[in-house]
Amino acid sequence: MDARQSEVEETDTLLPNSSARQKHEELMSRALDQSEIRGFHRKLFLFSIFVWFCQGCLMTVDGLILTAVKKEFGVTDVVLGAYNYNLGIGLFFGCFMTAVSDVHGRRKTFIAFSVAVAVCASCQSIPRTFLQLLCVRVLLGVSMSGVWLTTPVLLAEALPVRNRGAYLLLYCCGWPLGSVVSVGLVKLALPNWRLALVLSSIPATVLPILAYFYIPESPRYLISQGRYKPVKELIGVLYNKSGSGVYQEDYSGIPDAPPSPPEAEAVKRTHSRGWGGYSLLIKRRDVHRPTLFFCLCWTFLAAASWGMSTWLPTIIERKSGKGASTGKMDPLRIVLINSVCDFVIIVIASFAVDSFGRKFILYVGAVGSLAASFLLSLATTEVSAMVLSGFHQMAQAILWIVLAAFTTESFPTDIRSTVYGITNGTARVGMITSIILTGLLITSNVNFPLHFISGCYGTFFVIIFFLPHDTTNKSMR
């Protein structure tokens, strides 16, 4: 046995396993789960909406300034595609970097990544060559991944069980709101695309400042680290009005830290000598199977969704007959219509997710997306293709937000960010692979990519059967 293995096994014997500590942590978790929605929760919820508003502004502007960027730098359409490909590369690597949240905390991780987003977003208007712009895009993608993936984890770990799913879906309304605002910014700034990027980055610049003064550390992360004192203070605030006596009586006997300090130190050593959350994930064999199936779900969902969104304009154009430009819709109007549809379906899903359950909503969304993509292959007119694409837009939006909530809730606190990052990283693989495959298929027949996309949704539907038990109205570990 080598020295490293013996060192790890020695650490394992020091990990906290006392019944007293387990009882204390279960009691605090139960108190967090059963509390009413208070100002603490509402503030974090509103902050999460603003986070998604900022991301909606940044991402939507990207798609509306491409023509101006192409004109200034004089690049071809193929080269211009690297503008978004490089962002996707950054998003891919950033997904795996969010594991630091399981080691250093949600708050520190979010602030660090939000500062990086603010800097990179502001610097997008500076480059004088297209290559310089692409480099900034990679860094922006890495930074945005950290913000995207830390936000739902932080919110989910703070919310009580009751209506948790509704809040985890409803905060996503910030994205379409940001998209609507970005349309106004683009109309104001174009043809000066640099000004459009500067204006869209203003909310992102404010974000880290608000985060520093506004967001607390996740109470469940604090519990996992043995930092009981701030959690006890929070529970006192949550119950000071409702006065549920059991918690006010029992948690008063919980110490400010675990009874045995060396145990907490052992946890820190386990994190630092390995790869943070990845070292714990490797040792947690009970979560390997659900991690695999969640990764498959994210991969096929991203493959279907991005394959459709990338080539849908081309598909509709060819189905309309000879691709005539007459009647072509204004891109700004398309963004507005899609944003309204997204907002409406998010609100509807948020009211249904806690009543019907996560898996049921995923089944419904998968069937709707599969039906829309398959029927689109049978459409013969531009009008029918547009109607079916709108239906697909709403159905796949449900899948994204519900799967995100379900994934966040399904894993233990000490590896939650790590697993969530891995699943979203595999989604980027599905996205890139699908864009390439559907691009090759469409050269042969306009319906071939739609058949591929339908197959992805069908596979997604089957994989749902293998996901863990529904987390609706259940405590988070």
Side-chain angles (χ1 to χ4, degrees), residues 81 84 88 292-321 323 334 337-338 341-342 344-346 348-349 352-353 356 358-404 406-407 423-424 426-467:
N84 281 330
L292 171 63
F293 285 112
F294 270 112
C295 285
L296 291 174
C297 269
W298 280 100
T299 300
F300 282 99
L301 174 59
S305 178
W306 280 89
M308 178 70 83
S309 62
T310 301
W311 298 106
L312 183 60
T314 303
I315 292 171
I316 293 178
E317 179 181 273
R318 293 187 182 180
K319 283 184 173 291
S320 65
I334 294 176
I337 293 174
N338 287 342
C341 290
D342 286 344
V344 171
I345 201 63
I346 289 171
I348 294 174
V353 69
F356 296 97
R358 282 46 161 170
K359 296 185 88 169
F360 178 81
I361 301 296
L362 287 175
Y363 285 132
V364 172
V367 170
S369 300
L370 191 157
S373 56
F374 178 75
L375 292 175
L376 190 57
S377 67
L378 304 178
T380 56
T381 65
E382 183 178 11
V383 173
S384 61
M386 290 292 293
V387 170
L388 288 170
S389 66
F391 183 79
H392 171 269
Q393 171 72 18
M394 293 189 288
Q396 63 92 27
I398 291 177
L399 293 178
W400 280 98
I401 59 179
V402 175
L403 185 60
F406 193 14
T407 308
T423 56
N424 276 264
T426 57
R428 310 305 165 192
V429 175
M431 174 189 74
I432 296 172
T433 303
S434 175
I435 292 175
I436 296 173
L437 285 177
T438 50
L440 295 174
L441 291 172
I442 203 171
T443 59
S444 301
N445 188 298
V446 69
N447 289 323
F448 284 175
L450 293 173
H451 296 157
F452 169 78
I453 291 167
S454 299
C456 288
Y457 281 126
T459 307
F460 177 87
F461 181 91
V462 173
I463 298 173
I464 297 174
F465 285 99
F466 299 96
L467 294 180

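- Within the 4.5 Å cutoff, the side chain of Phe460 has heavy atoms near those of the Leu399 side chain.
- At least one side-chain heavy atom of Leu467 sits less than 4.5 Å from a side-chain heavy atom of Lys359.
- To the nearest 0.5 Å, the span separating OG1 on Thr459 from CG on Leu370 amounts to 9.0 Å.
- Contact of the Leu301 side chain with the Tyr457 side chain is registered, since non-hydrogen atoms from C-beta on lie closer than 4.5 Å.
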Check against side chain to side chain contact (heavy atoms under 4.5 Å, CB included), Gln396 and Met308: CA-CA 10 Å; Gln396 63 92 27; Met308 178 70 83; over 6 Å; no

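- Between Leu403 and Leu362, the closest side-chain pair of non-hydrogen atoms falls below 4.5 Å.
- Other residues, nucleotides and ligands contribute at most 12 non-hydrogen atoms within 6.0 Å of the CZ atom of Phe360.
- In this structure, Leu378 CG and Asn447 CG are separated by 7.5 Å, a value rounded to the nearest 0.5 Å.
- A 4.5 Å side-chain heavy-atom check between Phe466 and Leu296 finds every atom pair outside the cut-off.
- Residues Phe293 and Phe465 keep their aromatic ring centres 6.0 Å or farther apart.
- We find the CG-CG distance between Leu450 and Leu388 to be 10.0 Å, quoted to the nearest 0.5 Å.
- Within the model, atoms CD1 of Ile453 and OG of Ser434 stand 6.0 Å from one another, a figure rounded to the nearest 0.5 Å.
- Residue Phe374 qualifies as open at atom CZ: its count of foreign heavy atoms under 6.0 Å is 12 or below.
- Counting non-hydrogen atoms of neighbouring residues, nucleotides and ligands closer than 6.0 angstrom, the CZ atom of Phe356 reaches no more than 12 such neighbours.
- In this structure, the separation between CD1 on Ile345 and CD1 on Ile398 is 3.5 Å, given to the nearest 0.5 Å.
- Interatomic distance, OG of Ser389 versus CG of Leu375, reported as 12.5 Å (0.5 Å rounding).
- Closest of all the heavy-atom pairs between Ala395 and Gly368 is CB-C, 4.0 Å.
- Looking at heavy atoms from C-beta onward, Leu437 lies in side-chain contact with Phe452 at the 4.5 angstrom threshold.
- The 12-atom threshold is exceeded at CZ of Phe294, counting heavy atoms of other residues, nucleotides or ligands nearer than 6.0 Å.
- A donor-acceptor pair is defined here as one N or O able to donate and one able to accept, closer than 3.5 Å; such a pair exists between the side chain of Thr426 and the backbone of Thr423.
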